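Reading through the structure tokens given below for one structure.
Just so we're clear, the structure is a prediction, and the values are computed from it rather than from any experiment. Residue numbers begin at 1 in each chain, while the letters A, B, ... track the order of the sequences.
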Amino acid sequence: MRVGLFVPCYIDQFYPDVAVATVEVLERFGVEVDFPTSQTCCGQPMANTGCAEAARPLALRAAEIFAPYTHVVCPSGSCTSMVRNHYDAYFSDEEDDHGLRSKTFELCEFLHDVLRVESIGGSFPHRVGLHQSCHGLRELRLGWSSETMTARDDKVSRLLRTIEGLELVPLKRPDECCGFGGTFAVQEADVSAAMGCDRIEDHLQAGAEVIVAGDMSCLMHMQGLLRRNRQPLQVMHVAQVLAGRPLPSDRRGAIREREVAAEEVAANLRPAAPPSRTPRRETAESLEATKLQGDV
Amino acid sequence: MGALPIVEHPAAAAKFVANRERMAWHDKALWFVREKRDRMAHSLPEWEWLRETASAIKQHTIAALPEYLEQFEAAATRQGAHVHWAADAEEHNRIVLRILEEHQVRRVVKSKSMLTEECHLNPFLERHGIEVVDTDLGERIVQLRHERPSHIVLPAIHIKKEEVGDTFHEHLGTEAGAADPQYLTEAARGHLRDKFLAADAGITGVNFGIAETGGIVVCTNEGNADLGTSLPPLHIACMGIEKLIPRARDLGVFTRLLARSATGQPITTYTSHFHGPLRESDGPEGSGRTSGELHIVLVDNGRTRIRDSQEFRPALGCIRCGACMNTCPVYRRSGGHSYNAVVPGPIGSVLSPAADPAAHQSLPSACSLCGSCTDVCPVRIPLHHQLLAWRRELASRRLLPASKRWAMDAASQLMRHPRLFAAAGWLGRQALRITPRFLVYNRLNTWGRRRELPEPPRESFREWWKQNRESQSHD
Amino acid sequence: MTDAASTSSRQAILDRLRSRPVTAPPLPDLHPAGLVAYDDPLAQFCQVATSVGAAVHRIGSLDEIGPILEELPPYRDARTRASLLPAAVPGNLDLASVDDPHDLASLDWLIAAGDFGVAENGAIWMRTAGVRHRASFFITQYLAIVISAADIVPHMHAAYERIGSTIEQGFGVFIAGPSKTADIEQSLVLGAHGCRALTIFVCGEA
């Protein structure tokens with residue numbers, strides 16, 4: 001089987017190993033992987049901001065780019081959901097999506113439903129906190145969301161459980177949102193960070209060594225918080241665990257920590273920033289600055 | 001009160017988040033309610049059938065609304081009620097005032113009604129010299145504090161018991177510093193009993209209007225709607241036109257869902273069915289002498305407009321249970337007042353922009369699109385998809401902040417050109433690697449205020465692919 | 001009562017609704033298979049009623065009500081008691097003799113009969129038929145309701161089926177436990193505006 005690999009833009013640029021791991025996992029199960037390099041972004045950031053006109057050309061592009069494939073696989077529940085559940089709005093009746101809406105699969109979903117993988121194999125002797133990314137859970141129904149009463153298999157944890165030594169820790173709120181939410185993370189930065197910190201706390205309390213998720217965007221957000229707050233927890237995309245990557249060491253975190261400390265010293269030596277021209281923003285910003293100091 | 005100044009959600013939310021301890025307390029209190037709801041939902045194997053059925057009944061009713069409204073009016077009139085129609089909030093308020101004035105009413109007791117909040121009835125009546133006492137304990141607390149409810153079912157969920165104690169000390173003469181909920185509730189009971197006994201009229205909302213029988217159903221836990229309508233002879237029930245259900249037996253579906261979704265109770269303590277006005281010795285056995293009047297005010301106030309839209313029409317099915325608020329991770333951490341709207345939370349963020357899109361443009365974005373509200377909603381309103389639809393709607397009406405539109409247009413242009421995208425990505429990663437930290441984490445970097453940026457890798461995936469796969473496959 | 005403005009609003013609302021016809025999906029079937037079923041609906045009723053704050057007593061005959069009530073201090077100390085089952089429990093206030101419901105403010109106890117109970121939620125369907133003042137049910141400080149053990153329906157669908165068209169005969173209420181509130185910090189307090197405590201007597205065998 002030959003599949004088109006659909007790599008979210010931020011994974012391409014910032015987390016290439018997630019895509020590499022996806023390629024490795026698919027190849028391990030006998031899939032021929034192709035990555036059409038003309039792909040960029042599915043348009044979700046624009047769509048979720050409401051900018052349909054900005055999203056539409058990207059949706060049309062994606063349909064053309066993936067036209068040659070019978071299956072398209074993506075290591076992101078969110079981007080898969082964008083294509084499957086939200087592309088309707090961007091295609092008129094005359095425009096052909098070349099089946100993209102129905103032939104695009106999230107990685108675990110593809111392994112579980114299409115390849116019917118029984119066992120992943122390998123070993124990962126660690127306590128794992130599974131972060132259920134909302135779009136994977138509630139848009140793709142990869143698992144059983146705690147709000148609904150319809151019993152469902154959890155495709156992600158079912159695959160993870162076949163890895164030797166991997167222990168899934170029980171969370172108090174197994175599927176609460178981490179607060180990433182795309183542009184929400186910057187537009188509602190305070191609520192977003194609070195949500196992320198609460199999520200992290202739940203994983204820490206449960207004794208997890210690593211947060212594993214099917215969406216790197218959630219992990220990017222939580223990793224950013226973990227590093228800022230210097231908390232002893234790693235993040236890994238599920239593809240990396242499935243591909244047999246070891247738990248990342250703390251070395252980089254430690255280096256980063258020293259950098260942060262040095263920066264803070266430097267920051268204290270710098271003169272205060274000049275006042276902003278727009279007074280309303282200034283108030284909000286300086287409020288933020290005060291809080292930030294309190295937090296760090 | 002009346003029109004509120006425009007405060008955008010992120011700024012209001014930031015204030016709430018700043019008090020971390022209080023935010024955590026608020027979050028836990030509501031999560032506790034969500035967990036109770038889960039246990040109740042789990043106790044019924046037919047839960048999802050109930051949701052589906054409730055949704056189907058509501059969709060059916062909203063579609064056939066004119067016929068059901070006429071049927072309801074005829075049946076209610078036959079039952080002895082007076083039915084009034086109000087196109088908007090102002091007319092609703094005038095109708096209520098006129099009825100009260102015709103009966104020389106000076107004192108009114110009111111049980112919880114989101115519709116009267118929406119119409120700002122209280123300040124209107126007070127301006128005309130009528131005392132209005134909210135009798136739901138939570139609503140009374142916020143009324144005494146000159147606040148607004150922060151939640152549609154739990155109006156005082158944002159207030160700590162010590163603060164209630166201070167308010168009651170000032171207004172009801174409870175002991176200074178007393179904060180025991182039992183003691184405070186007892187004090188309110190005494191205070192409000194006097195109000196019930198002194199009232200000339202009772203105003204209630206309506207949970208369900210039954211088209212076939214002309215009856216109305218009101219649900220409370222405290223019994224305030226019942227006391228408020230059985231002591232004074234005049235009962236005014238204010239009802240949005242979307243509250244109708246076709247048949248009495250449809251109540252079987254809704255009474256099973258409402259309290260379970262709202263507070264995790266199997267049913268509200270009092271589920272009261274009113275057919276006609278107050279009577280002495282009701283029913284066929286007794287004399288059934290009418291001893292009061294029932295006036296039902298049917299209110300549009302923008303509901304027909306929402307019905308026009310296929311996208312937003314399902315929101316009219318809302319039964320005001322508040323489950324979407326309890327489950328919303330943003331609501332729990334930003335507080336109901338941060339929405340600056342009569343109805344906060346996910347459903348409020350759908351309904352409020354329909355009333356005034358410019359004033360509420362920040363609400364559809366006060367959402368991480370997690371979809372929990374949609375899954376918890378007892379009438380299956382696709383809330384998070386409607387919030388997304390609102391963002392599109394606001395963008396098409398040019399109501400999104402210009403900075404957002406420009407950024408997204410620019411990003412879209414970039415993403416249409418893969419080489420440009422690759423180059424920009426490369427540039428960005430290199431820049432991140434060499435730029436000093438204090439320049440990266442500047443004041444415009446909203447992401448970086450709270451979080452680290454990802455470590456830029458040496459190569460992108462597409463570069464890796466070129467070297468490790470593409471070169472091989474083309475050989 | 002209805003004035004010209006309201007009449008024109010009526011027409012405007014109906015016109016507006018009719019100018020946008022919406023295809024109505026059919027009303028769903030309310031009699032599916034697979035509704036919750038209880039092995040012992042009576043036991044379920046007693047358990048849920050207790051969980052929502054009621055005190056439930058199973059009794060063999062109505063004669064047992066008096067002695068059980070006499071055990072309760074609020075009953076023993078009560079000054080004003082009204083009974084709608086005078087043969088079983090005598091009261092000292094005849095509700096029919098009260099002209100103004102406000103005079104019921106001093107009512108301590110009301111003993112009334114309920115139509116039937118609902119197993120899934122512990123609620124009892126009460127009608128004010130034959131009761132002079134509806135306020136009696138809500139103004140009394142303490143409420144006792146007597147139902148027959150044979151009158152338990154499993155769920156609300158069955159409840160409305162059973163009520164049928166009698167729903168149109170005035171006022172009816174499902175009462176589940178004593179009045180309550182949790183409006184102060186989600187702390188449950190029994191006795192909000194209605195009765196402070198609810199005592200249920202389930203008489204006979206199912």
Side-chain angles (χ1 to χ4, degrees), chain B residues 29 32 44-46 49 53 56 59-60 63-66 82 84-87 91 95 137-138 156 161 164 181-182 184-185 189 192 197 213 221-224 226-227 230-231 246 248-249 251-252 255-256 266-267 269-276 279-286 300 304 308, chain C residues 1-2 5-6 9-10 12-14 16-18 20 22-25 27-28 30 32 34-36 48 101-102 105 120-123 127-130 132-135 138-139 156-157 160-161 167-177 179-181 183-187 189 191-194:
Chain B
F32 173 70
L44 295 180
E46 63 266 40
W49 172 81
T53 307
Q59 282 181 44
H60 167 90
L65 200 53
H82 303 271
H84 311 260
W85 300 68
E91 188 174 14
I95 291 170
L137 176 58
K161 59 186 179 198
V164 177
Q182 179 90 43
L184 295 174
T185 302
R189 178 185 170 100
L192 287 165
L197 289 166
T213 67
N221 278 320
E222 300 183 3
N224 52 324
D226 295 294
L227 267 181
S230 60
L231 286 170
R249 61 199 170 98
L251 288 167
T255 53
R256 300 186 81 194
I267 188 171
T269 301
Y270 298 97
T271 306
S272 306
H273 303 61
F274 299 84
H275 283 86
R279 295 189 190 102
E280 282 190 19
S281 307
D282 228 354
E285 298 96 334
D300 178 354
T304 50
D308 291 347
Chain C
M1 279 301 299
T2 309
S6 180
S9 289
R10 176 187 188 278
I13 292 168
L14 291 173
R16 165 132 202 174
L17 291 169
R18 291 210 162 96
R20 267 85 163 178
V22 178
T23 318
L27 268 175
L30 294 187
L35 292 183
V36 70
V48 181
H102 292 80
E120 69 159 319
N121 55 26
R127 303 191 40 77
T128 42
R132 184 163 177 192
H133 297 295
R134 184 199 299 169
F138 309 106
I139 202 167
M156 293 304 284
H157 308 292
Y160 282 104
E161 195 106 315
I167 200 169
E168 296 182 55
Q169 296 171 0
F171 181 83
V173 57
F174 283 104
I175 298 182
S179 81
K180 54 181 80 72
T181 181
D183 273 346
I184 301 176
E185 282 202 15
Q186 280 297 293
S187 302
V189 178
H193 296 303

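- Counting heavy-atom pairs closer than 4.5 Å to chain B, the top-ranked of the candidates C:Val48, C:Val173, C:Thr23 is C:Val173.
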Begin from the C-alpha positions of C:Val22 and B:Leu65 and carry the test side chain to side chain contact (heavy atoms under 4.5 Å, CB included) through to its verdict. CA-CA 9 Å; C:Val22 178; B:Leu65 200 53; over 6 Å; no
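- Per-residue counts of heavy-atom pairs under 4.5 Å with chain C were compared for B:Asp308, B:Thr53, B:Asp300, B:Thr213; the largest is that of B:Asp308.
- Heavy-atom pairs under 4.5 Å with chain C were tallied for B:Ser272, B:Gly223, B:Ala86; the largest tally goes to B:Ser272.
- Across C:Met156, C:Glu161, C:His133, C:Glu168, the residue that shares the most heavy-atom pairs under 4.5 angstrom with chain B is C:Glu168.
- Of the listed residues (C:Ser187, C:Ala12, C:Pro25), the greatest number of heavy-atom pairs within a distance under 4.5 Å of chain B belongs to C:Pro25.
- A donor-acceptor pair is defined here as one N or O able to donate and one able to accept, closer than 3.5 Å; such a pair exists between the side chain of C:Ser179 and the backbone of C:Ala192.
- Here B:Thr271 is the residue among B:Asn224, B:Thr271, B:Thr255 with the most heavy-atom pairs under 4.5 Å with chain C.
- Heavy-atom distances place both the backbone and the side chain of B:Ala248 under 4.5 Å from chain C.
- The shortest side-chain heavy-atom distance between C:Leu35 and B:Trp49 falls under the 4.5 Å cut-off.
- With sequence neighbours left out, the side chain to side chain donor-acceptor pair (under 3.5 Å) criterion links C:His157 to B:Arg256.
- Counting heavy-atom pairs under 4.5 Å between each of B:Pro66, B:Gly138, B:Gly276 and chain C puts B:Pro66 at the top.
- Listed for the C:Arg127 side chain is a donor-acceptor partner under 3.5 Å among the backbone atoms of C:Gln169.
- When heavy atoms are compared at a cutoff of 4.5 Å, B:Pro246 approaches chain C solely by way of its side chain, counted from C-beta outward.
- When ring centroids are compared, C:Phe171 and B:Phe274 come within the 6.0 Å threshold.
- Taking the six-membered ring where the residue is Trp, C:Tyr160 and B:His273 present tilted rings, their angle falling between 30° and 60°.
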